[in-house]
Amino acid sequence: MHTLLFYTPGTCALACMVALEWLGEAYDVCLVAREERQGERFRSINPRGQVPALRVDGRVLLEVNAILAHLADRNPDAGLLPPNGTWARDVANQWLSALGTSTHPAFWPFYNPQRYTTDPAGLDGVKAAAVASIRRELGALDAHLAENEWILGATRSALDPYVFAMARWGVDMLDLAREFPSVWRHQKSLAADPGVRVCVAVERGREPPTPSDALRGRYTLATLP
């Protein structure tokens, strides 16, 4: 099985890369620069020009939630998500939905306010409203993590790097350590994980601090075979 993840630095594609690293199966990654995502070559992979995209034996799967679920179900023994057909998996699916439909979209108006108003004078208001939404979402996560080590309780899962990938977007706009100490604790715990450190280094274009047993090839669109 050949697995290739398309990613752009600073996006939630990092969650899928961490899941691949934790899964331990061989995979490759392909860097897609932001300016390349609307180009013809990448739009032939994902017509929406978005990352992540996962190519498995020539077939392409889109959307972070679907990719995380696919990876978890590929090897249930890896423990990325609870087994299908269990109440624990139903709860995990609930979290996948909430993170994808509430937490993730809360950030969009801050980084792309022009999409939410036709009035140039209203851009600052859109961003201010976004920050309020982000605070609500991080507050809910903080309350949950105050009583749980990981999103699903005592055991880490594919949900945790998804939260990690998103919560880092709040670092430059909020004082995470002061306002959301449990989220900040969760961020630091993930940042210390060897698999996460490998993926963050790859995302930043650096050599991983420790070798990866799973990552095989690193490509760009230009060098992709």
Side-chain angles (χ1 to χ4, degrees), residues 1-7 11-29 46 50-57 59-107 137-138 140-169 182-183 185-200 202-203 212-215:
M1 179 182 295
H2 182 255
T3 301
L4 174 67
L5 176 71
F6 296 89
Y7 75 98
T11 70
C12 63
L14 178 68
C16 300
M17 196 185 304
V18 172
L20 283 163
E21 190 65 27
W22 285 354
L23 189 62
E25 298 177 0
Y27 71 97
D28 298 331
V29 295
N46 182 358
Q50 298 172 344
V51 294
L54 188 74
R55 192 164 72 190
V56 182
D57 292 340
R59 297 179 298 178
V60 176
L61 188 64
L62 308 175
E63 302 295 335
V64 59
N65 306 49
I67 292 171
L68 291 177
H70 163 80
L71 295 175
D73 293 336
R74 234 163 69 170
N75 183 357
D77 291 339
L80 294 182
L81 289 174
N84 273 311
T86 64
W87 180 258
R89 180 55 177 266
D90 292 340
V91 172
N93 288 339
Q94 175 181 285
W95 273 105
L96 274 173
S97 178
L99 294 173
T101 61
S102 297
T103 310
H104 200 166
F107 288 90
E137 292 299 320
L138 291 179
L141 283 171
D142 197 70
H144 177 73
L145 288 169
E147 299 180 354
N148 298 275
E149 183 177 3
W150 306 105
I151 294 299
L152 292 183
T155 305
R156 75 177 190 184
S157 71
L159 298 168
D160 294 294
Y162 193 8
V163 170
F164 177 83
M166 291 187 288
R168 62 181 177 163
W169 299 335
S182 296
V183 170
R185 183 267 305 162
H186 183 263
Q187 291 293 99
K188 291 193 295 182
S189 295
L190 266 295
D193 178 89
V196 174
R197 295 182 68 197
V198 165
C199 297
V200 169
V202 169
E203 190 185 52
S212 168
D213 294 329
L215 179 60

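Note that the structure is predicted; figures quoted are calculated from it, not measured. Residues: numbered from 1 along the sequence shown.
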Nearest heavy atoms of [X] and [Y], plus distance in Å:
{"X": "Ala165", "Y": "Cys12", "value": "CB-CA, 3.9 Å"}
{"X": "Met166", "Y": "Phe107", "value": "O-CZ, 3.6 Å"}
{"X": "Leu80", "Y": "Ser157", "value": "O-CB, 3.1 Å"}
{"X": "Leu61", "Y": "Ile67", "value": "O-CD1, 3.6 Å"}
{"X": "Asp28", "Y": "His2", "value": "OD2-NE2, 2.8 Å"}
{"X": "Tyr162", "Y": "Val64", "value": "OH-CG1, 3.3 Å"}

For Leu145, is there any backbone N or O sitting under 3.5 Å from a side-chain donor or acceptor partner on Arg185?
yes

Indicate yes or no for a side-chain donor-acceptor contact from Asn65 to the backbone of Leu96 under 3.5 Å, with no hydrogens or angles considered.
yes

Measure the spacing between [atom1] of [X] and [atom2] of [Y] and express it to the nearest 0.5 Å.
{"X": "Glu149", "Y": "Ser189", "atom1": "CD", "atom2": "OG", "result": "6.5 Å"}
{"X": "Trp169", "Y": "Leu138", "atom1": "CH2", "atom2": "CG", "result": "11.0 Å"}
{"X": "Leu81", "Y": "Thr155", "atom1": "CG", "atom2": "OG1", "result": "12.0 Å"}
{"X": "Leu14", "Y": "Leu5", "atom1": "CG", "atom2": "CG", "result": "9.5 Å"}
{"X": "Leu190", "Y": "Arg197", "atom1": "CG", "atom2": "CZ", "result": "13.0 Å"}

Is there side-chain contact between Trp95 and Thr103, with heavy atoms separated by less than 4.5 Å?
no

Heavy-atom side-chain proximity of Phe6 to Val60 below 4.5 angstrom:
no

Counting only heavy atoms not in Glu63, do more than 12 sit closer than 6.0 Å to its CD atom?
no

Within a reach of under 6.0 Å around CG of Asp90, are more than 12 heavy atoms found that belong to other residues, nucleotides or ligands?
yes

With respect to Glu21, which candidate in Pro161, Pro194, Cys16, Ser212 satisfies the side-chain contact (heavy atoms from CB on, under 4.5 Å) definition?
Ser212

Enumerate donor-acceptor pairs with a distance under 3.5 Å from any side-chain N or O in residues 68-78 to protein atoms, sequence neighbours excluded.
from: His70; atom 1: NE2; to: Arg74; atom 2: NH1; distance (Å): 3.4
from: Asp73; atom 1: OD1; to: Asn84; atom 2: ND2; distance (Å): 3.3
from: Asp73; atom 1: OD1; to: Arg89; atom 2: NH1; distance (Å): 2.8
from: Asp73; atom 1: OD1; to: Arg89; atom 2: NH2; distance (Å): 3.3
from: Asp73; atom 1: OD2; to: Asn84; atom 2: ND2; distance (Å): 3.2
from: Asp73; atom 1: OD2; to: Arg89; atom 2: NH2; distance (Å): 3.1
from: Arg74; atom 1: NE; to: Glu25; atom 2: OE1; distance (Å): 3.2
from: Arg74; atom 1: NH1; to: Thr3; atom 2: OG1; distance (Å): 3.2
from: Arg74; atom 1: NH2; to: Thr3; atom 2: OG1; distance (Å): 3.1
from: Arg74; atom 1: NH2; to: Glu25; atom 2: OE1; distance (Å): 2.8
from: Asn75; atom 1: OD1; to: Asp77; atom 2: N; distance (Å): 3.2

Walk me through it: do Asp160 and His186 pass the test side chain to side chain contact (heavy atoms under 4.5 Å, CB included)?
CA-CA 8 Å; Asp160 294 294; His186 183 263; 2.8 Å; yes

Can you list the residues that meet the side-chain contact (heavy atoms from CB on, under 4.5 Å) rule with Ala88, with sequence neighbours excluded?
Pro82, Thr86

Could you walk me through whether Tyr27 and Leu215 satisfy the side chain to side chain contact (heavy atoms under 4.5 Å, CB included) test, starting with their C-alpha distance in whole Å, then the side-chain angles of each, then the deciding distance to 0.1 Å, before giving a yes or no?
CA-CA 5 Å; Tyr27 71 97; Leu215 179 60; 3.5 Å; yes

Where do Leu54 and Leu20 land on the side chain to side chain contact (heavy atoms under 4.5 Å, CB included) test, with the steps shown first?
CA-CA 11 Å; Leu54 188 74; Leu20 283 163; 4.2 Å; yes

Mind running side chain to side chain donor-acceptor pair (under 3.5 Å) on Ser102 and Glu137 for me, showing each step along the way?
CA-CA 7 Å; Ser102 297; Glu137 292 299 320; 4.6 Å; no

Taking it one step at a time, do Val18 and Phe164 satisfy side chain to side chain contact (heavy atoms under 4.5 Å, CB included)?
CA-CA 10 Å; Val18 172; Phe164 177 83; 6.0 Å; no

